[in-house]
Amino acid sequence: MPFSDYIAPFAEFPVLQQRVLDVLSQLPEDVQTDFLGDERFRVEIDNYVPGVGWSFLMPAPGSDGSGSRCVILRSKLAEAAEAFAHYVIAHEFAHAFLRNGGWGEITDIEMAADALAASWGFERPA
């Protein structure tokens, strides 16, 4: 399975693992190819511990596209409504694909990620 490395961090959260796989599998082929071909792209589970912090570091993406393209997802997405979880996952993948930039004429990075995720079939639930 081409996405096995991306879903492995979610082994303790099988519902979330399946949701991540569902979204990855539904992305357009060019997006899948982009992610699979970039060693900087990865997907991780949020491991924040109150009073301690996180145990991983990510360099911020540079203007030339260098730096991390790591997507961090919270385990509570396993308990959220499926449509909402799929939307959040796709939104975060959109940020990675856009390298935290705009999309077309949309320069606001949050609006751009929402619009791209919607174009992939993952609209923000009402």
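Residues take their numbers from the sequence shown, with the count starting at 1. What you see is a predicted model; the values in this text were computed from it and never measured.
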message: Walk me through whether I89 and F84 qualify under side chain to side chain contact (heavy atoms under 4.5 Å, CB included).
response: CA-CA 9 Å; I89 295 164; F84 178 76; over 6 Å; no
Can you tell me how far [atom2] of [Y] sits from [atom1] of [X], rounded to the nearest 0.5 angstrom?
| X | Y | atom1 | atom2 | answer |
| --- | --- | --- | --- | --- |
| L21 | I7 | CG | CD1 | 4.5 Å |
| E123 | Y87 | CD | OH | 10.5 Å |
| R99 | I109 | CZ | CD1 | 14.5 Å |
| E29 | D34 | CD | CG | 12.5 Å |
| E92 | R74 | CD | CZ | 10.0 Å |
| L73 | L16 | CG | CG | 6.0 Å |

task: Check the pair E110 / D114 against side chain to side chain contact (heavy atoms under 4.5 Å, CB included), numbers first and verdict last.
output: CA-CA 6 Å; E110 293 302 324; D114 268 358; 5.9 Å; no
Measure across [X] and [Y] and return the closest heavy-atom pair with its distance rounded to 0.1 Å.
| X | Y | answer |
| --- | --- | --- |
| A112 | G101 | CB-O, 3.9 Å |
| C70 | E44 | SG-CG, 3.7 Å |
| Q32 | L24 | NE2-O, 3.0 Å |
| A113 | A94 | O-CB, 3.5 Å |
| A78 | V15 | O-CG1, 3.4 Å |

- prompt: So if you build clusters from Ile, Leu, Val, Met, Phe, Trp, Tyr with side-chain heavy-atom gaps below 4.5 Å, do F35 and F3 land together?
  reply: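 Yes; tracing contacts between hydrophobic side chains, which count when under 4.5 Å, links both residues.
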- request: Show your working on side-chain hydrogen bond (donor to acceptor under 3.5 Å, both in side chains) between Q18 and D22 and close with a plain yes or no.
  value: CA-CA 6 Å; Q18 185 60 52; D22 290 345; 2.7 Å; yes
Pairs flagged by ring pair (Phe, Tyr, Trp, His ring centres under 6.0 Å) wherever residues 97-126 is involved - sequence neighbours left out: none
Note, S75 side chain near I45 side chain (heavy atom, < 4.5 Å):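 Touching, per the 4.5 Å side-chain cut-off.
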- prompt: Checking T33 side chain against D30 main chain: does a donor-acceptor pair fall under 3.5 Å?
  reply: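 Judged by distance alone, no pair lies under 3.5 Å.
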message: Under the rule for ring-ring contact (aromatic ring centres under 6.0 Å, His included), what residues qualify as partners of H95, not counting sequence neighbours?
response: H91
query: Given L77 and H86, is the side chain to side chain contact (heavy atoms under 4.5 Å, CB included) satisfied, shown in steps?
result: CA-CA 9 Å; L77 286 171; H86 283 170; over 6 Å; no
task: Show your reasoning for whether side chain to side chain contact (heavy atoms under 4.5 Å, CB included) applies to F41 and F93.
output: CA-CA 10 Å; F41 177 76; F93 287 160; 4.0 Å; yes
